[in-house]
Number of protein chains: 2
Amino acid sequence: MQITSRFTVAVHILTCIEIFSEKMRVTSEFLAGSTGVNAVIIRNVLGLLRTAGIVETRQGSGGAHLVRPLGEISLYDIYVAVDSLDDNGLFRFHENPNAQCPVGRNIHKVMDRRLAAAQQALENELRSMTLADVVAETRAIICEDDKGHAT
Amino acid sequence: MQITSRFTVAVHILTCIEIFSEKMRVTSEFLAGSTGVNAVIIRNVLGLLRTAGIVETRQGSGGAHLVRPLGEISLYDIYVAVDSLDDNGLFRFHENPNAQCPVGRNIHKVMDRRLAAAQQALENELRSMTLADVVAETRAIICEDDKGHAT
DNA sequence: TAAGTTGTAACTACCATAGTTACAACTTTT
DNA sequence: AAAAGTTGTAACTATGGTAGTTACAACTTA
């Protein structure tokens with residue numbers, strides 16, 4: 001069981017949009033090339049990010065843009081946008097515990113709070129990190145790279 | 001995307017084993033009845049818990065028992081035992097970012113630390129809770145239940 | 001109008017989860 | 001030693017989600 005690669009793909013393409021959109025049109029084809037992920041999947045992910053109010057895209061002309069400042073887009077926002085858990089929560093509960101059994105009757109009640117706390121811990125950590133951090137570090141590494149090649 | 005119900009099933013059956021095994025043989029059939037989950041699945045989960053050194057089972061005679069004290073079995077131990085992430089981590093990364101692209105070449109490096117931190121946060125929370133807590137609260141609720149019925 | 005792009009539907013391939021059936025191996029009881 | 005009950009496991013099915021693919025209408029710009 002793993003959290004979908006849509007999440008890392010989304011972070012990747014948002015980073016690309018920030019870094020490249022000043023100099024060029026960042027199309028789904030370009031993003032497909034950078035991520036190694038199918039262009040239709042990219043467009044779907046962009047659609048989810050658009051619905052979440054994180055990016056703008058335009059039919060016809062092409063090219064995606066960020067809607068909010070980098071520092072106001074947390075990894076949590078991205079995670080929620082693309083990895084829909086609906087109302088179910090991160091943990092899946094077996095559906096038919098036996099109400100005749102004292103444990104079966106109460107296990108849900110006992111566990112729910114704890115599972116929610118665990119999920120919260122994950123989400124709080126994701127909330128603490130923003131695209132600004134990711135882009136800054138990426139830019140720094142790219143800059144180092146360039147220096148390395150120059151010597 | 002959700003964490004498998006094997007996890008909540010495992011917590012459920014371990015709770016049952018603790019609560020019932022003094023008075024009766026806790027067989028996979030019994031646990032299937034309490035959880036509403038197929039007996040073969042129960043035996044598989046018990047097998048994973050056995051491999052992890054959490055329970056003992058015996059062929060033929062039947063009945064599962066806890067191997068370690070309740071307080072030394074954390075929800076993390078159970079999670080790891082039944083929800084194998086292998087070496088992959090909780091987050092799945094898209095596999096072919098383009099090394100020609102400065103973002104594609106570095107995104108993995110930039111994200112890995114952050115994804116690991118998020119995973120850690122989840123796991124630390126699970127580590128902080130033990131079967132002892134779960135069983136204690138379950139017993140307390142069962143006791144309340146009984147009082148309620150008595151009046 | 002032509003070229004390039006997005007948005008979306010429809011389909012496929014693949015994999016994991018969970019259920020099911022079946023049965024050999026084992027333990028205990030009689 | 002036979003019978004009954006149980007575990008461990010293999011093999012198979014059903015289901016659902018992820019991701020890839022093809023196709024095309026709607027749109028924008030040159």
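A, B, ... follow the sequence lines: proteins, then strands. Residue 1 opens every chain. Since the model is a prediction, treat every value here as computed from it, not as a measurement.
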Rounded off to whole Å, could you give me the CG-to-C1' distance for the B:N96 and D:dA19 pair?
12 Å
Using the side-chain contact (heavy atoms from CB on, under 4.5 Å) rule, take A:E18 and A:L70 through it: C-alpha gap first, then chi angles, then the decisive distance, then the call.
CA-CA 8 Å; A:E18 169 63 19; A:L70 280 184; 3.7 Å; yes
On DNA chain D, check which nucleotide each of B:R92 and B:V40 is closest to and give me the residue with the more 5' one.
B:V40
Can you check the B:E56 CD to D:dT6 P distance for me, whole Å?
19 Å
Quick one: pull up CG in A:L14 and CD1 in A:I54 and give me the separation to the nearest 0.5 Å.
6.5 Å
Has B:N38 got a side-chain N or O lying under 4.0 Å from the OP1 or OP2 atom of C:dT20?
yes
Residue A:S61, side-chain heavy atoms: nucleotide from C:dA18, D:dT29, D:dT6 that is nearest
D:dT29
Worked verdict on A:T35 versus B:H94 for side chain to side chain donor-acceptor pair (under 3.5 Å):
CA-CA 7 Å; A:T35 56; B:H94 51 297; 5.7 Å; no
Rounding to an integer number of Å, can you tell me how far B:R25 CZ sits from C:dT28 C1'?
9 Å
Nearest whole angstrom, please: distance from the P of D:dT7 to the CG of B:L46.
8 Å
Candidates D:dT18, D:dA23, D:dT9 - which lies nearest the side chain of A:R43
D:dA23
Taking 4.0 Å as the cut-off, does a side-chain nitrogen or oxygen of A:S5 come that near to OP1 or OP2 on D:dA19?
yes
OP1 or OP2 of D:dT29 versus the side-chain N and O atoms of A:R58: is any pair under 4.0 Å?
yes
NE2-CD1 distance between A:H12 and A:I42, expressed to the nearest 0.5 angstrom
8.0 Å
If each of A:Q59 and A:V37 is mapped to the nucleotide of DNA chain D with the nearest heavy atom, which maps nearer the 5' terminus, i.e. the 5' end?
A:V37
C:dT5, C:dG7, C:dA18: which one has an atom nearest the side-chain heavy atoms of A:R50?
C:dG7
Does a side-chain N or O of A:T57 approach OP1 or OP2 of C:dT6 to a distance below 4.0 Å, or not?
no
Report which part of the nucleic acid A:G62 touches: base, sugar-phosphate, or nothing (heavy-atom distance under 4.0 Å, all strands).
sugar-phosphate
